[in-house]
Participant: 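Can you read through this structure? Questions will come right after.
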Amino acid sequence: MYASHEDVGYDLEDDPKAKKVLKPHPDIDGGWAWMMILSSFFVHILVMGSQMALGVLNVEWLEEFHQSRGLTAWVSSLSMGITLIVGPFIGLFINTCGCRQTAIIGGLVNSLGWVLSAYAANVQTLFVTFGVAAGLGSGMAYLPAVVMVGRYFQKRRALAQGLSTTGTGFGTFLMTVLLKYLCAEYGWRNAMFIQGAVSLNLCVCGALMRPLSPGKVENCPRGEEPSAVPAYSAESVKSGPLGVTEEQDRQPENEENVCDLQAQECQGQTRPRKNGCAFRVLKTVSQLTVRVQKGFGDWYSGYFGAASLFTNHMFVAFVFWALFAYSSFVIPFIHLPEIVSLYNLSEQNDVFPLTSIIAIVHIFGKVILGAVADLPCISVWNVFLIANFTLVFSIFLLPLMHTYASLAVICALIGFSSGYFSLMPVVTEDLVGTEHLANAYGIIICANGISALLGPPFAGWIFDITQKYDFSFYICGLLYMVGILFLLIQPCVQMVEQSRRKYTDGAHV
């Protein structure tokens, strides 16, 4: 059972005709909602920002281990790819433990991955310690950060997501400077150790993700009290681009189990304290079992029961687009530091790195595109497609630029146009509707994760063969263009199919 994004975060009250009327939740769009943006902002700085700055470490790994560029690039791409690919599976942890606990655990795992990577003896070890461990921890912290913003905001959700995700741009700029300084002063191993300590701040960000309280329910029907709602129901509420929505009607058997356990505990108060402790332990275990069962049920039905999404041809085209879009954005971040070295522009790039230009302009791109897309006279799809065409155009032009000034202009175009990432939840909702938004967006970020996983190693492999990065940009840009054309052609195909069906139905009549 799904709830629309208009429904989530609202309490129910009965009118005189016993009809359920939506009442705004007091915490929605105010107060602690801005703390969610702040928490998500810092998560994007620590997770996505540090990943976009991995080009600095990639150069250090090439010099340290003397492996091919294609093999070494797998370390960065594994971390980026796993962060996104595990998104749908992290939903199981969120349904069971909640966003706060999931984010805190993710911060610990991410920090552990950075620290263990400081002692890596070869690239293969980095695959496990940094690619898998740090990537998994990043995914566990990243998904709750996006979900919580969706829970707390109903109005201008696209702008709220855009503001929170600007942390990626700030983080890329800050982490690039930080990693370059740490590598120069202490070496890359100590730099990763220090970064692991910095990543512990993800636990602080997770602690700020306070569950959305159920709120007060006025005029409850049949004399029911709000306290009848299980304590964990607030943590089960999920709205926004990522997650599974809460079922407003609880399963009767779950409520009966909780009520029975409460009755048993009350009866146990007259018995010895030993029996009372036993009842409390039994109650806790039973509640935990119910939470795990319900969390797994919601997760399974949300991601494996969504086969109908793939009958939507437009959504399939969107998934195909996502497979190639993200790699065109990630490849410049990973390989630009080495491209600058090949062009003998390292001195100018050290003053103001090109990746920092992308990051800074990316901040303004997300906010501006999100604000423009919210205007009533502007189509979100038109803004989305124009930004995509601009990014493809920039990718094709990048190999033709060999001066710092020209590269800076192209990097600025890449940064601004890539701000369309804040529009992806809105576009996904237009494609599949509110009912399947959570599941559909989980599939989309999985496709982005595959793109991030395969893109940088592919570019490194092309360089090992041709001794140039030019062909990798051309190939990725071409595949990206094919994905955009699929988005443009598919509506025409659907119109033709609808016309054919109408004609066929008319002929039968």
Side-chain angles (χ1 to χ4, degrees), residues 45-65 67-81 83 114 117 123 126 130-131 134-135 138 168-184 187-189 191-192 195 326-362 394-395 398-399 401 404 407-408 410-412 414-415 418 451-464 468-470 472-473 476:
I45 287 179
L46 295 170
V47 173
M48 306 306 293
S50 62
Q51 289 186 346
M52 292 303 177
L54 289 179
V56 177
L57 291 174
N58 190 65
V59 175
E60 299 290 339
W61 293 332
L62 285 171
E63 295 179 357
E64 176 77 16
F65 301 117
Q67 297 292 332
S68 66
R69 290 170 175 81
L71 182 65
T72 306
W74 270 104
V75 180
S76 303
S77 62
L78 269 175
S79 179
M80 293 182 180
T83 298
W114 278 93
S117 299
V123 174
L126 287 174
F130 191 77
S138 297
T168 300
F170 282 105
T172 304
F173 175 75
L174 295 175
M175 292 302 172
T176 299
V177 175
L178 177 63
L179 287 177
K180 287 177 70 69
Y181 172 78
L182 292 177
C183 289
W188 71 269
R189 294 185 183 275
M192 296 195 75
Q195 183 63 32
Y326 204 67
S327 62
S328 299
F329 177 67
V330 172
I331 288 176
F333 275 101
I334 301 301
H335 294 291
L336 259 180
E338 191 177 4
I339 292 174
V340 168
S341 299
L342 294 175
Y343 293 165
N344 297 319
L345 301 174
S346 299
E347 184 176 352
Q348 293 173 287
N349 189 67
D350 289 339
V351 176
F352 202 92
L354 293 174
T355 53
S356 297
I357 295 177
I358 298 178
I360 293 174
V361 182
H362 184 68
S394 303
I395 294 299
L398 185 62
M401 306 300 169
Y404 179 83
L407 285 172
I410 296 301
C411 288
I414 292 176
S418 60
S451 180
L453 180 67
L454 300 179
F458 173 78
W461 177 65
I462 292 295
F463 181 90
D464 291 336
K468 289 183 179 180
Y469 283 104
D470 298 4
S472 61
F473 285 107
C476 289

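Position 1 is the first residue of the sequence; numbering continues from there.
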Participant: Given side chains that start at C-beta, do those of L71 and F65 come closer than 4.5 Å, heavy atoms only?
Facilitator: no
Participant: On a heavy-atom basis, which atom in Y343 and which in M401 lie closest, and how many Å separate them?
Facilitator: CE1-O, 3.5 Å
Participant: Does a side-chain heavy-atom distance below 4.5 Å link L336 with C411?
Facilitator: yes
Participant: Considering non-hydrogen atoms only, spot the tightest contact between T168 and M48 and give its length.
Facilitator: OG1-CB, 3.5 Å
Participant: Should M175 and V56 be marked as a side chain to side chain contact (heavy atoms under 4.5 Å, CB included) after you check the CA-CA gap, both sets of side-chain angles, and the distance that decides it?
Facilitator: CA-CA 10 Å; M175 292 302 172; V56 177; over 6 Å; no
Participant: Run the ring-ring contact (aromatic ring centres under 6.0 Å, His included) test against F463 and tell me which residues pass, sequence neighbours left out.
Facilitator: Y469
Participant: Let me confirm one number: the CD1-CD1 distance from I410 to I358, rounded to the nearest 0.5 Å.
Facilitator: 10.5 Å
Participant: Looking only at non-hydrogen atoms, find the nearest pair between S472 and I462 and report the distance.
Facilitator: N-CG2, 3.8 Å
Participant: Donor-acceptor pair, Q195 side chain versus W114 backbone, under 3.5 Å?
Facilitator: no
Participant: Drop me the distance from T72's OG1 to L62's CG, to the nearest 0.5 angstrom.
Facilitator: 4.5 Å
Participant: Quick check: do L454 and W74 have side-chain heavy atoms less than 4.5 Å from each other?
Facilitator: yes
Participant: Report yes if the side chains of I395 and I414 come closer than 4.5 Å at any heavy-atom pair, otherwise no.
Facilitator: yes
Participant: When you look at CZ of F352, are more than 12 heavy atoms from neighbouring residues, nucleotides or ligands closer to it than 6.0 Å?
Facilitator: yes
Participant: Starting at CZ of F458, measure out to CH2 of W461 and round the result to the nearest 0.5 Å.
Facilitator: 6.5 Å
Participant: Can you name the closest pair of heavy atoms from S138 and T83 and give their distance?
Facilitator: CB-OG1, 3.3 Å
Participant: To the nearest 0.5 Å, tell me how far L345 CG sits from E347 CD.
Facilitator: 10.0 Å
Participant: On a heavy-atom basis, which atom in L354 and which in N349 lie closest, and how many Å separate them?
Facilitator: N-OD1, 2.9 Å
Participant: Roughly how far apart are E60 CD and M192 CE, rounded to 0.5 Å?
Facilitator: 11.0 Å
Participant: Any idea which heavy atoms bring A53 and T176 closest together, and the distance?
Facilitator: CB-OG1, 3.4 Å
Participant: Can you measure from CG (L54) to OG (S76) and round to the nearest 0.5 angstrom?
Facilitator: 4.5 Å
